[in-house]
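To start, the structure itself, in structure tokens.
Source: prediction; values computed, not measured. For ligands, and for the atoms within them, numbers begin at 1 and follow the listed sequence.
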Amino acid sequence: MEARPVRDTQAALIRWMSIIDANSAGFVHGGIVMKLCDEAAGIAAVKHCRTRIVTAAIDRMTFRYPVHVGELLACRASVNAVWRTSMEVGVRVEAENPRTGEVRHTSTAYLTMVAVDDEGRPTEVPPLLTESPDEGRRMREAELRRNNRLAEREQIRAGRAAGT
Ligand SMILES: CC(C)(COP(=O)(O)OP(=O)(O)OC[C@H]1O[C@@H](n2cnc3c(N)ncnc32)[C@H](O)[C@@H]1OP(=O)(O)O)[C@@H](O)C(=O)NCCC(=O)NCCS
């Protein structure tokens, strides 16, 4: 399979936050932000592999600042790294006050998406081509997160097998 560049995976979803997106404190509900991140990540992943994809995991999600009703929420996603059938997609979330133009970086998320065939079986994804130092850094950091995840899973398995 031919490698595809990171730039071809870029996806953006922008939504105007309304009262139905709010939680009981009056801020935008974190679940709304997560859903939009999942959608943006899905678009980035499908643009890379051009097959069906599923979300295997939301590996990390930070909430740095609250988002307010009336703000524009932008989720920008691109594929950071690919393995055999899975991909890590990074999503940067920004909230913009449309009256003042002030923009805040409110969340970052990393999701693992898996390419599947029509029967839902994992299927191989094309290699990913990085073209800038930032893209190279994101790929290295994605490898580190994956290695940490796998090491953690192994330690938990070993601990359970040992009855600790
Ligand atoms: C994701 C899914 C396809 C993996 O199937 P599976 O039978 O475990 O397949 P495999 O063990 O061969 O794993 C396939 C890939 O998924 C990755 N994977 C599986 N579970 C994972 C998890 N919890 N976290 C991160 N990656 C995971 C594996 O590392 C592997 O990656 P690689 O091929 O790049 O090395 C399957 O668990 C599934 O369909 N889950 C439900 C997905 C879903 O409904 N999502 C919500 C709506 S889209």
Side-chain angles (χ1 to χ4, degrees), residues 1-15 17-18 20-23 28-64 67 73-94 106-164:
M1 267 188 280
E2 207 175 313
R4 296 181 184 160
V6 172
R7 70 183 135 81
D8 284 359
T9 73
Q10 283 165 358
L13 269 184
I14 301 176
R15 255 199 52 199
M17 294 291 103
S18 81
I20 58 166
D21 299 313
N23 60 23
V28 171
H29 197 290
I32 299 285
V33 181
M34 288 178 81
K35 180 171 186 285
L36 287 172
C37 284
D38 189 34
E39 283 179 15
I43 297 170
V46 82
K47 277 162 69 94
H48 180 68
C49 60
R50 302 292 179 190
T51 63
R52 272 181 61 199
I53 49 96
V54 293
T55 309
I58 296 184
D59 300 304
R60 198 167 304 177
M61 177 95 218
T62 57
F63 294 98
R64 306 173 75 228
V67 179
L73 196 76
C75 297
R76 294 193 172 80
S78 59
V79 174
N80 286 339
V82 304
W83 296 284
R84 198 179 72 81
T85 65
S86 64
M87 297 155 269
E88 184 196 91
V89 181
V91 186
R92 180 186 172 95
V93 184
E94 290 177 344
T106 57
S107 287
T108 299
Y110 299 104
L111 298 89
T112 300
M113 317 298 284
V114 176
V116 295
D117 63 17
D118 289 341
E119 278 72 49
R121 288 184 302 248
T123 181
E124 280 187 40
V125 297
L128 184 70
L129 185 68
T130 60
E131 296 174 307
S132 71
D134 267 350
E135 290 174 1
R137 173 185 56 77
R138 289 191 198 112
M139 186 181 275
R140 286 191 301 278
E141 291 174 359
E143 292 285 354
L144 181 68
R145 280 186 289 273
R146 176 178 162 95
N147 290 341
N148 287 344
R149 268 197 312 276
L150 294 177
E152 181 191 82
R153 194 165 66 183
E154 208 36 59
Q155 279 173 19
I156 289 172
R157 271 201 195 132
R160 287 184 183 177
T164 56

| said: Just to confirm my output: which protein heavy-atom neighbour is closest to atom 16 (O) of ligand 1, and how far is it? | reply: Val114 CG2, 3.3 Å
| note | Per-atom filter on ligand 1: closer than 4.0 angstrom to a heavy atom of Ser86 are 31 (O), 32 (P), 34 (O)
| Going by atom types only, do Trp83 and Glu124 share a side-chain donor-acceptor pair under 3.5 Å? | no
| Pair Arg146 + Asp59: basic N to acidic O under 4.0 Å | no
| query | Is the number of heavy atoms from other residues, nucleotides or ligands under 6.0 Å of Glu152 CD greater than 12? | reply | no
| Identity and distance of the protein heavy atom lying nearest atom 26 (N) of ligand 1 | Thr112 CG2, 3.6 Å
| Under 4.0 angstrom from atom 47 (C) of ligand 1, is there any protein heavy atom? | no
| field | Option set Thr55, Val54, Thr123, criterion heavy-atom distance to atom 45 (N) of ligand 1, minimum | value | Thr55
| Are any of the side-chain nitrogens in Glu94 or Arg76 under 4.0 Å away from the carboxylate oxygens of its partner? | yes
| said: Which of the numbered atoms in ligand 1 are under 4.0 angstrom from any heavy atom belonging to Ala57? | reply: 24 (N)
| query | Quick one: does ligand 1 sit under 4.0 Å from the side chain of Arg146, the backbone, both or neither, non-hydrogen atoms only? | reply | side chain
| task | If you have a sec, work out which protein heavy atom is nearest atom 10 (P) of ligand 1 and how many Å separate them, to one decimal? | result | Pro122 CG, 4.4 Å
| request: Report yes if some N/O of Arg84 lies less than 3.5 Å from some N/O of ligand 1; otherwise report no. | output: yes
| Which ligand 1 atoms are under 4.0 Å away from a heavy-atom of Thr85? | 14 (C), 15 (C), 30 (C), 31 (O), 32 (P), 33 (O), 34 (O)
| Are a donor atom and an acceptor atom from the side chains of Thr123 and Asp117 found within less than 3.5 Å of each other? | no
